[in-house]
Amino acid sequence: MPELPEVETTLRGISPWLQDQTLRAVEVREPRLRWPVPEAVQGAVGARITGLRRRAKYLLLDTDAGGELLVHLGMSGSLRVVTDGAPPRKHDHFDLVTDRAVIRYNDPRRFGAFLWVTPPSETHELLRHLGPEPLGEAFDGEGLYTRSRGRRGAVKNFIMDGRVVVGVGNIYASEALFMAGIHPARAAGRVSLERYRSLAAAIREVLQRAIAQGGTTLRDYVNSDGAPGYFALDLQVYGRESKACFQCGAPVRQKVIGQRSSFYCARCQR
DNA sequence: AAATTCTCCTGAAGGC
DNA sequence: TGCCTTCAGGAGAATT
C-alpha cells in the first residue's frame with residue numbers, strides 16, 4: 001500500500017529515467033483503472049518530459065505538449081523500470097516508452113489512476129482541495145489546531161483527511177499518534193495546541209524516516225518486481241496487536257476507527 | 001459543515 | 001490439499 005514515502009521513492013526512482021526524455025509511446029493494455037484511462041494520455045506521445053514531481057500521493061509528469069500525465073498508485077500499484085525488453089506480466093496495465101527504458105505500471109487491484117491533466121494542474125478537481133504537504137512549510141501544529149476546533153471525530157481520521165494534510169495513510173497515522181502520545185480515538189477538537197505541535201513534528205519525522213529508508217532500495221526499480229510494498233521501517237505499533245509496547249511493555253491494542261484498523265498503546269496514548 | 005457509508009478489486013489469510 | 005469465505009485498504013462519491 002503505497003503511502004507518501006513509497007510514492008516519493010517511486011518518484012526518485014523513475015525521475016532519472018524520464019527527465020528530459022522523449023516519450024515514444026504510451027501503451028495501455030488495461031484501461032479499467034480507478035477511472036477509465038482516457039485516450040488523451042496519447043497526447044503525451046512525442047513530447048518531452050520536462051519535469052517530474054509529487055503532489056500528495058499523485059505523481060505528475062510535466063510535458064512540453066501542454067499537459068501533464070498524472071499517475072496514482074492506488075493501494076497496490078507500482079512502477080518499475082524495464083531495460084531488458086522483458087514482456088509484460090500479469091497486471092502490467094500500461095507502459096511509458098522512451099529510448100532508454102520502459103516504465104511499466106503494475107496494479108493487481110486496479111485502484112490506481114492514469115490521466116492527462118491540463119494546466120494549471122493545481123485547479124484540477126483531484127488536486128484543488130488538497131491540504132498542505134506534510135514535509136512543506138505550510139504544515140504545522142497551529143494549522144492542525146485551528147482546523148480541528150469543534151470537530152468531534154477521531155483525531156486519527158482528522159489527520160488522514162487529505163483536506164487537512166496530504167499523504168498521511170493508515171500506517172503512518174498510527175505511528176505518528178504513538179510518537180506524539182495521543183490516543184487515536186480522541187476527538188480532534190479535544191487535542192491541545194501543544195500536542196498538535198508534537199503531532200505535526202511526529203508526522204514529519206515518521207515520513208522523513210521512511211523516505212530515508214526507501215532511498216536504500218532504489219536499485220530495486222530496475223528489472224525487478226517494482227517498488228517494495230512497505231519499507232522495512234521499524235514500526236512501533238502498526239501490526240503489533242497484543243505485543244508489548246516498546247515504551248512501557250503494555251500490550252498494543254487494535255481497534256477499528258473510521259473503518260480503518262488502528263494500533264495504539266492505551267497506556268502511552270491519551 | 002461534518003461524519004458516515006459505500007464503492008472499486010484481488011491477493012492473502014483463515015476456516016473446515 | 002483444496003475450496004469457500006472474509007477482509008484490507010486509498011480516496012472519491014454518495015448519503016445522512
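Numbered from 1 within each chain, the chains take letters A, B, ... in sequence-line order. For the numbers below, each heavy atom of this structure counts, side chains included, while hydrogens, waters and symmetry mates do not.
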> In residues 30-40 of chain A, what residues come within less than 4.0 Å of DNA chain C, judged by heavy atoms?
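Those residues are A:Arg34, A:Trp35.
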> Is there any side-chain hydrogen bond (donor to acceptor under 3.5 Å, both in side chains) pair reaching into residues 198-208 of chain A, and which pairs are they, with sequence neighbours excluded?
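As it turns out, the side-chain hydrogen bond (donor to acceptor under 3.5 Å, both in side chains) pairs with a partner in residues 198-208 of chain A, which skip direct neighbours, are A:Glu205-A:Arg209.
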> Could you list all the ring-ring contact (aromatic ring centres under 6.0 Å, His included) pairs where at least one residue sits in residues 130-159 of chain A, not counting sequence neighbours?
none
> Using a cutoff of under 3.5 Å, can you pull out all pairs of nitrogen or oxygen atoms linking the protein to nucleotides 3-6 of chain C, with atom names and distances?
none

> Got a sec, which residues hit ring-ring contact (aromatic ring centres under 6.0 Å, His included) with A:Phe263, two or more places apart in sequence or on another chain?
A:Tyr238
> Return each pair, listed once, that meets ring-ring contact (aromatic ring centres under 6.0 Å, His included) where at least one residue sits in residues 87-121 of chain A; pairs must be two or more places apart or across chains.
A:Phe94-A:Tyr105, A:Phe94-A:Phe114
> Run the side-chain donor-acceptor check on residues 59-72 of chain A: report pairs under 3.5 Å with partners two or more places apart or on a different chain.
from, atom 1, to, atom 2, distance (Å)
A:Thr63, OG1, A:Ala65, N, 3.1
A:Thr63, OG1, A:Gly67, O, 2.7
A:Asp64, OD1, A:Arg48, N, 3.0
A:Glu68, OE1, A:Arg53, NH2, 2.8
A:Glu68, OE2, A:Arg53, NH2, 3.4
A:Glu68, OE2, A:Ser121, OG, 3.0
A:His72, ND1, A:Gly74, N, 2.8

> Could you check whether A:Tyr58 gets within reach of a base, just the sugar-phosphate, or nothing at all, counting any heavy atom under 4.0 Å?
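Counting heavy atoms under 4.0 Å across all strands, the contact made by A:Tyr58 is with sugar-phosphate only.
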> DNA chain B: A:Arg260 or A:Arg147, which has the more 5' nearest nucleotide?
A:Arg147
> Which hydrophobic side chains are connected to A:Ile257, either touching it within the sub-4.5 Å cutoff or through other members that do?
none
> Cut-off 3.5 Å, no hydrogens considered: what does the side-chain donor-acceptor table look like for residues 131-138 of chain A, sequence neighbours left out?
from, atom 1, to, atom 2, distance (Å)
A:Glu133, OE1, A:Arg54, NH1, 2.9
A:Glu133, OE1, A:Arg54, NH2, 3.4
A:Glu133, OE2, A:Arg55, NH1, 2.9
A:Glu133, OE2, A:Ala56, N, 2.6

> Which angle, rounded to 10°, do you find between the first-five-pair axis and the last-five-pair axis of the helix from B:dA2-C:dT16 to B:dC16-C:dG2?
50°
> Describe the nucleic acid contact of A:Arg151 in one word from base, sugar-phosphate, nothing, applying a heavy-atom distance below 4.0 Å.
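Result for A:Arg151 = sugar-phosphate.
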> Is the number of heavy atoms from other residues, nucleotides or ligands within 6.0 Å of CZ (A:Arg100) greater than 12?
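Counting neighbours around CZ of A:Arg100, more than 12 heavy atoms of other residues, nucleotides or ligands fall under 6.0 Å, so yes.
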> For chain A and DNA chain B, what are the first and last nucleotides along the strand, 5' to 3', with at least one atom under 4.0 angstrom from a heavy atom of the protein chain?
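In short, chain A contacts DNA chain B from B:dA3 to B:dG11.
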> With A:Glu125, which residues qualify under side-chain contact (heavy atoms from CB on, under 4.5 Å), at least two apart?
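A:Glu125 satisfies side-chain contact (heavy atoms from CB on, under 4.5 Å) with A:Arg128, A:His129 once adjacent residues are dropped.
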